Protein chains: 2
Amino acid sequence: MSNAADPPPIQFGYLLKRAQHAFRTRIDDALRPLGLTAPQYAVLSAVDAIAGVSNAELARAAFVTPQAMQGVLANLERDGLLKRTAHPDHGRILRNELTAEGRQALGQARLHVQDIEGLLSQAVGQENAALFAEALARCADALTPA
Amino acid sequence: MSNAADPPPIQFGYLLKRAQHAFRTRIDDALRPLGLTAPQYAVLSAVDAIAGVSNAELARAAFVTPQAMQGVLANLERDGLLKRTAHPDHGRILRNELTAEGRQALGQARLHVQDIEGLLSQAVGQENAALFAEALARCADALTPA
DNA sequence: CATCTAATATCAGGTCCTTGATATGTCAAA
DNA sequence: TTTGACATATCAAGGACCTGATATTAGATG
């Protein structure tokens, strides 16, 4: 049962939002001079890791709809960082690959992003890292419908 | 110094994004039947807490630009959940207040959101709650430029 | 009092995300 | 082989965020 000494409930939703917002803002600020947004960086990184990956696959990896991913890809293609080509065996899938310019931009951006990831790790602290990571994963799992 | 037994670096940015995305999606799903979005709920809640609050004040509280907040307020006003009136003493500030309909919608929404906050607390676990909250706050602080 | 600075509101343009709908391509099963 | 389920791509409309720019008001400072 409850009593007057119960601590007030912690607003984890707010804390989560604030931390994520701070991270996102920091990434955006770091990438702006390179002409990249955070989602664009994430996509370049994924396309680099999985050459020829499809739009649908990228969307699943980023937890966004295919329509949203398509918008990001269209902008990257327009900017010459990425090119889309027909899949050799499949008539519908379009393969996404980085251009030389795309690889170059990704290389630059990666350094900045790694710095910021470092700040995050440092803020968490090595002794809490594993527990913190597990708690975040539990949150995501608990809120993701089966 | 480093050696081969070093654990791989944890991608806190990714974990943060995933947890926040799951939370946001869950809230959106719960509020959709009420015709509310997550940002709209947050604003209704803030306006209820601080009657007559200005657009600029709301924007600061939500970590968004005044322009972004203005868009949300415009939609809420269009839907009759909120009304904006001139400040009695200040010629520029517009006071925001809930309508009866807005208070009613907020009441409904609050129940759903509290349920989801409860899932989050449960996922974190009571024994980790304080440490987890502190770690999240440290992350936000470390990434927020002074 | 005049001016300068800061706060507030708002317009315009762009990115990323959503839901909903639609067309096309693949593949398996009837 | 035709049907039907599923994956993929894409169009359209709308919400929430951003940067940049612009007015207006308030208050402090010369």
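Chain letters run A, B, ... following the sequence lines, proteins first, then strands; residues in each count from 1. Everything quoted here is computed from the prediction, not taken from an experiment. Side-chain atoms are counted along with the backbone in the values below, which use heavy atoms only and exclude waters and symmetry mates.
- A donor-acceptor pair under 3.5 Å is formed between the side chain of B/T99 and the backbone N or O of B/G80.
- Distance, A/L31 CG to C/dT15 P: 16 Å, rounded to whole Å.
- Between A/R24 and B/N55, the residue whose closest nucleotide on DNA chain C is further toward the 5' end is B/N55.
- Of the candidates C/dT8, C/dT10, C/dC17, C/dT8 carries the atom nearest the B/A56 side chain, counting heavy atoms from C-beta on.
- The side chain of B/R78 contributes an N or O atom lying less than 4.0 Å from OP1 or OP2 of D/dG15.
- Between B/R84 and the phosphate of C/dT10, there is a side-chain N or O to OP1/OP2 separation shorter than 4.0 Å.
- Across C/dA9, C/dT18, D/dA9, the shortest atom-to-atom separation from the side chain of B/L94 is found for C/dA9.
- Under a 3.5 Å cut-off, the side chain of A/R95 and the backbone N or O of A/T85 do not form any donor-acceptor pair.
- Between the NE2 atom of B/H21 and the P atom of C/dC17 there is a distance of 9 Å, rounded to whole Å.
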side-chain contact (heavy atoms from CB on, under 4.5 Å) evaluation trace for A/C139 with B/V124: CA-CA 7 Å; A/C139 288; B/V124 173; 3.6 Å; yes
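- OP1 and OP2 of D/dA9 both lie 4.0 Å or more from every side-chain N or O belonging to A/Q70.
- Atom CG of B/L73 and atom P of D/dA16 are 10 Å apart (whole Å).
- We find that CZ of A/R32 is positioned 13 Å from P of C/dT15, with the value rounded to whole Å.
- One atom, CG of A/D28, and another, C1' of D/dG20, lie 16 Å apart when rounded to the nearest Å.
- We find the CD-CG distance between B/Q40 and B/D28 to be 9.5 Å, quoted to the nearest 0.5 Å.
- Mapping B/N96 and A/T65 onto DNA chain C via the closest heavy atom, the residue that lands nearer the 5' end is B/N96.
- B/E57 places its CD atom 8 Å from the P atom of C/dT8, with the value rounded to the nearest Å.
- D/dC17 atom P lies 17 Å from atom CG of A/D29, rounded to whole Å.
- Contact between the side-chain N/O atoms of A/T37 and the OP1/OP2 oxygens of D/dC18 is not found at any separation under 4.0 Å.
- Applying the 3.5 Å distance criterion, the base of C/dG20 shares a donor-acceptor pair with the side chain of A/Q67.
- Using a cut-off of 4.0 Å between Lys/Arg side-chain N and Asp/Glu carboxylate O, A/R26 and A/D29 are scored as not salt-bridged.
- Backbone-only engagement by B/P39 is indicated by non-hydrogen atom pairs under 4.0 Å involving sugar-phosphate atoms exclusively.
- In terms of phosphate contacts, A/N75 brings no side-chain nitrogen or oxygen within less than 4.0 Å of OP1 or OP2 of C/dG14.
- In terms of phosphate contacts, A/R92 brings no side-chain nitrogen or oxygen within less than 4.0 Å of OP1 or OP2 of C/dT26.
- Residues B/I116 and B/L106 share a hydrophobic cluster, clusters being chains of Ile/Leu/Val/Met/Phe/Trp/Tyr side chains in contact below 4.5 Å.
- Rounded to an integer number of Å, the gap from B/L58 CG to C/dT10 P is 13 Å.
- Phosphate contact (OP1/OP2 of D/dT8, side-chain N/O of A/R60, threshold under 4.0 Å): present.
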